[in-house]
Amino acid sequence: MSVAQPPRLALALLEWCVPDNEPLTGDLVESSRHRSAAWFWRQVLFVILARATFGLRTHPRPTLQALLVSLALLALLGFHAVVAANLLNHLLVLNDVNWMETTGRYQRWQLPSTVLAFIAAVLIGRIVGRFHRNHRIGAVLAFSASATIGAYFNLYFFVPKMLLQPILPQAALQTMVAMVFVAGLFVGIGSRGNVAKTFQAGSPCEPLRS
Amino acid sequence: LARDYLTDFELMILLAILRVGDEAYGVPIAREIESTGGRAVLLGAVYAALDRLEVNGLVASAVGDPTPARGGRAKRFFHVTPAGMKAVRQTQRALTRLWTGVPQLRGDGV
């Protein structure tokens, strides 16, 4: 089946992963008119893979550094979101013996960990605000959503007896508990420059020159 | 790592650029390889090879004006540099020497 327009998601993925190769994107859009969506997806996935291997060959050190930093940042986000989740979970089920048995008991070490999680969220928020000056809110929401999903899946798979609970309370609980982390991110972002600038229409994300 | 020989795909791309001429950007280059080379190509593979050739100084490129037909995206036109022409000729001579004197390829037998 041929499509008049390329798949939006594939196009967005291409422009996000390979933002500096406009001619290639244009060539793919031009060629996609009489091709299927599967053809376009295949092309996009190959371009992303080729870009990664080309970067590794030509600039191995910065590419590996970027990869490791990205993985570390993801791990930090997931860990701190889970810690925040555990603290609020404790607050919510403090007097509910049934929930305590289901989700595990609150450990003393989790309080300082949660404080550290909040501080880490503030620091991450500052970084986000620095590199995405014109899209701070969007960047925080994207980070928060990914952290929330990660925390939810962590608890879903690793907390004993979690599977026995109905899905809605779990989702509501995880949505609430991730707010500690989100709050930290917003505090971090608000601590740098004028927050009002966030809501101005701006140019695409770009790192600060200074 | 820099290499002093061309892969078959790089050679096909250089020849396709030469055949297409002034309008050599990604789409016609890929189309030329598909039609004359009889093989399907991925545009990403074409660009990866072109980037490699440009790093090695065998091709050069210039970005044209944005066009509405491509969603306001510009074309990147390629041309073969003198070093690229030299590499193509060297490869042609090497392949010709290899082909010459192969008994199985003599005449019109398959």
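In what follows, chains are A, B, ... by sequence order, proteins preceding strands, each numbered from 1.
Counting only heavy atoms from C-beta outward, the side chains of B:S61 and B:F77 never approach each other to under 4.5 Å.
In this structure, chain B has no heavy atom under 4.5 Å from any part of A:L14. Using a 4.5 Å cut-off between heavy atoms, B:A45 contacts chain A through both its backbone and its side chain. B:V46 does not touch chain A: none of its heavy atoms, backbone or side chain, sits under 4.5 Å away.
The candidate from B:P66, B:G64, B:A74, B:G26 with the greatest count of non-hydrogen atom pairs under 4.5 Å with chain A is B:A74. Among A:T53, A:L28, A:L49, A:V44, the residue with the largest count of heavy-atom pairs under 4.5 Å with chain B is A:L28. Highest contact tally toward chain B, considering only A:D27, A:V47, A:N21, is held by A:D27 [criterion: heavy-atom pairs under 4.5 Å].
Remark: A:E30 pairs with B:R70 by the salt bridge (Lys or Arg N to Asp or Glu O under 4.0 Å) rule, at least two apart or across chains.
Between B:D8 and B:R39, at least one side-chain nitrogen of the basic residue sits less than 4.0 Å from a carboxylate oxygen of the acidic one, meeting the salt-bridge criterion. Looking at B:E10 and B:R52, a side-chain N of the basic residue comes within less than 4.0 Å of a carboxylate O on the acidic one, giving a salt bridge.
Counting heavy atoms of neighbouring residues, nucleotides and ligands inside a 6.0 Å radius, atom CG of A:D20 exceeds 12 of them.
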